[in-house]
Protein chains: 4
Amino acid sequence: MLFDALFVPKTLRDAVGGVGWVQAMLDAEAALARAQAAAGVIPPSAANRIAACCDAADFDVEQIGEEGRRVANPAEPLVRRLRERAGDAGEWAHHGATSQDIVDTAMMLVAKRARTLILAEMDGVAAACAKLADDHRRTAMAARTLLQQAVPTTFGLKAAGWLVGVVETRNRLDQVELAAQLGGAAGTLASLGDKGVAVLRLFAAELDLAEPPLPWHANRVRVGELAAALELVAGACGKIALDVTLLAQSEVGELSPPAGGSTAMAHKRNPATAVVAVAAARQVAPRIDLLGELERAAGAWQAEWATISHALGYAGGAAAATRETLEGLEVDAERMRTNMQPVVAAQPAASDVFVDRALEWYGR
Amino acid sequence: MLFDALFVPKTLRDAVGGVGWVQAMLDAEAALARAQAAAGVIPPSAANRIAACCDAADFDVEQIGEEGRRVANPAEPLVRRLRERAGDAGEWAHHGATSQDIVDTAMMLVAKRARTLILAEMDGVAAACAKLADDHRRTAMAARTLLQQAVPTTFGLKAAGWLVGVVETRNRLDQVELAAQLGGAAGTLASLGDKGVAVLRLFAAELDLAEPPLPWHANRVRVGELAAALELVAGACGKIALDVTLLAQSEVGELSPPAGGSTAMAHKRNPATAVVAVAAARQVAPRIDLLGELERAAGAWQAEWATISHALGYAGGAAAATRETLEGLEVDAERMRTNMQPVVAAQPAASDVFVDRALEWYGR
Amino acid sequence: MLFDALFVPKTLRDAVGGVGWVQAMLDAEAALARAQAAAGVIPPSAANRIAACCDAADFDVEQIGEEGRRVANPAEPLVRRLRERAGDAGEWAHHGATSQDIVDTAMMLVAKRARTLILAEMDGVAAACAKLADDHRRTAMAARTLLQQAVPTTFGLKAAGWLVGVVETRNRLDQVELAAQLGGAAGTLASLGDKGVAVLRLFAAELDLAEPPLPWHANRVRVGELAAALELVAGACGKIALDVTLLAQSEVGELSPPAGGSTAMAHKRNPATAVVAVAAARQVAPRIDLLGELERAAGAWQAEWATISHALGYAGGAAAATRETLEGLEVDAERMRTNMQPVVAAQPAASDVFVDRALEWYGR
Amino acid sequence: MLFDALFVPKTLRDAVGGVGWVQAMLDAEAALARAQAAAGVIPPSAANRIAACCDAADFDVEQIGEEGRRVANPAEPLVRRLRERAGDAGEWAHHGATSQDIVDTAMMLVAKRARTLILAEMDGVAAACAKLADDHRRTAMAARTLLQQAVPTTFGLKAAGWLVGVVETRNRLDQVELAAQLGGAAGTLASLGDKGVAVLRLFAAELDLAEPPLPWHANRVRVGELAAALELVAGACGKIALDVTLLAQSEVGELSPPAGGSTAMAHKRNPATAVVAVAAARQVAPRIDLLGELERAAGAWQAEWATISHALGYAGGAAAATRETLEGLEVDAERMRTNMQPVVAAQPAASDVFVDRALEWYGR
């Protein structure tokens, strides 16, 4: 889509887009078949055959979506097609599973793949902050509180403050437990008899996802945690980008971020990547409703899919644009110095002990 | 995308999708050229040439999005390409306008086109409610408050209540003023000299959009009103769909909405379209930030584009799924009667005076 | 509460606070009794006795709240006490009504009383904007887009833009229909027999509230509309206050809003009222859930009471602080002129035709 | 306030209310004075005198709030009064600190005190869930997915699922780092010279709060984490309460929560505490804006105070009402058995292996 292309890097768009989701659902089906073969629940040859059919390129994403409308989930049409493709082995596909097992597991896989990309961007943001903090530990400038000049700070200390927020939120996202989902029709795994727990363990291991204490069809805490972590990641990036736009104001001019042109004014140097970062960040406000009905919610669960996909994409988009902003940033130390009002410059100067603390904390 | 295909009807997806937006931006450029030709600002031949180049099929949506990242809006790359295509006339394309003029006007056109589709769905929902209200004005059933049986009501009165909410929100959406945007570089229209107001009027008329009192680059009230109206529309539909899922519960069984199958349980009849309606409705919670900086916001404005597109699509998706639910609804009047607890059935029965009031109010 | 005292003017705090609510519930009970006496449903003497007992000063707000926890609404303990106070007439108090009739009607009364205060503040904001627009129609300054100087505008045109947003949102709030609620146990008014509609009409007239087509226990559209209108009002005010903080920056200095001191820095002049306005505005984001269950929601309805009270208070607080900000604003026209970069000042100047349009539109 | 009294237990209301906040600000001032005395920055006798004046009972909460409006924070009027009360020692009160140091630290203290109460409620909820899980590990009932009967589960497994969500969110809240704030005028601690870090450490230790790597005036991640954790806690409780209201429906009748009466219907047993829990939970959706300007936000920070106070109160209110609901719950095992449709009862039964897993996980 037009705006996804503007706000979200291509690799991340692919990871959270329709093909990414279909592949993740197929990966879940393949892993389920392999896990059940390993547990002796289905024939190994059937598992191999199923797994061989699990390439998203062979499926029509839009058609799956449209047919999914009739059953309120995208797994049913996908499984139907997978079974057709797998021929005799098809009867063993999706064995003992319910649609939510596949969709939830796919959501975790999509999140895992997107998270890797987002964390890489956040690491880039953190590295850029750390370099600025170190390089500018003695670059004096006015601190502004309530947008008024207050006392002297350093640009290094400002960047150190950004760094802490970036690392805190990056770690929060990294710590969200992404777990496999396998509960069968209603979270009891009854259809797998006494092999349920073994299959769950193998299934999770196949996908390198955590093994949850219970199926979590109706316990959406981890989805809520993921959503919250993405909002924090976006917020930490948006904070940096906002500061950059403020320090790049015509009347301040202390920072020059990478600029884009204007269609109307040749002289303008718009802080485009910083604005993209702020706008992407402001779009990350996912609402996950934990109040779903009984063993499977009639609406709240289904509302998660697009919401989480969007939040992953735009949080990563905010991180990428913030990294680009910082990597291309020009710092005008002279302007920082001369902008300080005399009454401000006369206050006690910031030492760089806090910069050291932040860098040490970051290095841990 | 997978989930857009599941939640949003095809015509509406097209209206709010990338091609729909690019066409709307091109329509704005064509109308601008024609308006300026009519006002004597640019040569009529140039306007004709520009207008002839304004077919979205000739533009690469994803490329425009990706290039838009460098300038924080999609109009700049689009205008660049349009000028190339228009040859000598290209210099007159986008004359006196700023990117926001085109993007905002396009957003209004996208909203206008999508609104037509949404209102048609809402009219279908209202008609279905009215029919149910009239048909079942004497079909007694238990009213439930706090999910406990309370006193008798009729299914007709329940449907009349749905009807009122649907019509109220439909009208609210219909009344949102969608206005052209034309302010030039910073909302002063200075580059058009004393022809600014005339061009604004012609431009709005070309597009059948309202003429605003002032350019509204920095006044996002109408966007906020649109967002709020979409949330209300979705809510009125979601309310109906929620009621249907509750009355379709296995233990209640008074309503049978169109059903989808389960991948795990052959006996189940899931209320799929009702669930799609609830889920679509719950995803319509657009946040429009009116607190944008000075003459053009550095982030808040840019965050509107995808937000409004999504809200239009999912509000319409909620309406469509609710209409499908009601049109395929089976009402079990006998079950309604026998479900009533004796203590409830013994209470005074609802008359149908309120049904008449609602139908009369609807007919106005 | 500490923060309500900081953000919300005293009269408005009182209107939306506990005493204001208890009085509104009592006003609803008194009006109900009078309406039923007029309709011949209850004895006039009983109505008089009941009405005479409806003074909030005689009730313990905190106790009503705490006892309300046991029944999930504050009307039940209030009615119990009212009946005790009314002696023999007590049996006629709350006749044929349900708790929601009283709480919803009280919410409408609270909203009506608070709205009068909010609209008065908004009128003050509008008048201040109009004066600034007129006084400064020729005061040239730099327009800033994406926080970069763009082309010249005038401070009058900026104020005219504020004015339009203020009037649009003020009118939106003014147009929200506040209606009486009377439906009896489950919205059928069955317990009043064929007098239901007559009593509803008299009840609404007693309170100067609109008469709705149907009882709206389960149709929360008007509450959603009220919430949306309050968010828009707050947003239009917050936009102004944000602009003021930006133009009051140490490096810009074009506006001097009323200032508060700092506990740490004697030299600082913090734009305190503007910050209060922004902060109040940002707290107005009421979420009204239209998806309530069947004839009375089990949670969504009960979540409205504090939400609407808070939104009324803080929207009004934002308006009041914005009015104070504008009424105490000092404009430095010389600084506006000299701040303009040469490349900006060389662009075509804004005419004041748009200021005229806005003032004319305002005067209508 | 009326609704706080309905939704929030008294001890928690006190903890997050005006007196709680004023006491927390005073505790911060007292701790600051003691820390500075210990570090040799101010005279020990002055610290003692200051600390002796830090009793909220001696301060007028409403007056502090109203005066705080003039400076956009409540610390300035509080400090002014504290200095008056402390006589000669007053000049040493608030030494080297800025208002935000005191307000942020107070927010952390309020959160810490409220968290203790909330965690105790959550422990009660968890214990009730665990008991139900253990007692009913063999109590068969229908699992419902999309509100349709699916396959058999046990009430024990359902309660085990609740338990996991409660413990996960309880732990998430418990793990949020609540840290002291001390940065001086703009986060540099420059006014304390080389004693800044030592005072920060002593200050944090005095209050039993964490010592942050840097002052976090402009890094609001921990506030965002707190808000997110509270929303999750509320959601986990609301999920339980919603399930209870659904299983207590007249037509289901498998659970009987503590009931409240109706003002209109003598026969009704409303699931009042469950509804209070759902309604309280739905009101916990705090929005913390991480995008604050430069060294101290002009609006976003000030919007946190009431938001966090409200979220603490209502999350705790949701937990308390859920605990009350579960502790008074009657389980009708016979109804659970007979409600199962034959086609459901004929499916494989849930084993209790997952209940064991959940209880073991809980016991760790």
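- Applying the ring pair (Phe, Tyr, Trp, His ring centres under 6.0 Å) criterion to A/His310, with sequence neighbours excluded, gives A/Tyr314.
- By the 4.5 Å heavy-atom criterion applied to side chains, A/Gln302 and B/Val275 are counted as neighbours.
- Proximity to chain B is absent for every atom of A/Ala248, based on heavy atoms less than 4.5 angstrom apart.
- Of all residues spanning residues 234-242 of chain A, those with a heavy atom less than 4.5 Å away from chain B's heavy atoms are A/Leu242, arranged by number.
- The candidate with the highest count of non-hydrogen atom pairs below 4.5 Å against chain A, out of B/Gly17, B/Ala298, B/Ala274, is B/Ala298.
- For a residue to count as touching a neighbouring chain, one of its non-hydrogen atoms must lie under 4.5 Å from one of that chain's; by this rule A/Glu67 does not touch chain B.
- To the nearest 0.5 Å, the span separating CD on A/Glu293 from OG1 on B/Thr245 amounts to 6.5 Å.
- Aromatic ring orientation, B/Phe3 versus A/Trp305: tilted (interplanar angle from 30° to 60°).
- What you find for A/Ala72 and B/Ala272 is that their closest heavy atoms are CB-O, 3.7 Å.
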Pairs of donor and acceptor atoms involving the side chains of residues 5-16 of chain A, under 3.5 Å and at least two apart or interchain, shall be tabulated with distances.
unit_1: A/Lys10; atom_1: NZ; unit_2: A/Asp14; atom_2: OD1; d: 3.1
unit_1: A/Lys10; atom_1: NZ; unit_2: A/Asp14; atom_2: OD2; d: 3.2
unit_1: A/Arg13; atom_1: NH1; unit_2: A/Val8; atom_2: O; d: 2.7
unit_1: A/Arg13; atom_1: NH2; unit_2: B/Glu62; atom_2: OE2; d: 2.7
unit_1: A/Arg13; atom_1: NH2; unit_2: B/Glu66; atom_2: OE2; d: 2.7

Take B/Leu2 and A/Met25 through the side-chain contact (heavy atoms from CB on, under 4.5 Å) test and state the conclusion after the steps. CA-CA 12 Å; B/Leu2 181 64; A/Met25 288 194 287; 4.1 Å; yes
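- Contacts of A/Ala277 with chain B are absent, with no heavy-atom separation under 4.5 Å from either backbone or side chain.
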Can you give the donor-acceptor pairs under 3.5 Å from side chains of residues 278-292 of chain A to other protein atoms, not counting sequence neighbours?
unit_1: A/Gln283; atom_1: NE2; unit_2: A/Ala279; atom_2: O; d: 3.1
unit_1: A/Asp289; atom_1: OD1; unit_2: A/Leu291; atom_2: N; d: 3.0

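- The pair A/Arg69-B/Glu324 counts as a salt bridge, with a side-chain nitrogen and a carboxylate oxygen less than 4.0 angstrom apart.
- Among A/Ala303, A/Gly18, A/Pro271, A/Ala321, the residue with the largest count of heavy-atom pairs under 4.5 Å with chain B is A/Ala303.
- Within the model, atoms CZ of B/Arg296 and CG of A/Asn270 stand 8.0 Å from one another, a figure rounded to the nearest 0.5 Å.
- Heavy atoms of A/Ser309 lying under 4.5 Å from chain B belong exclusively to its side chain.
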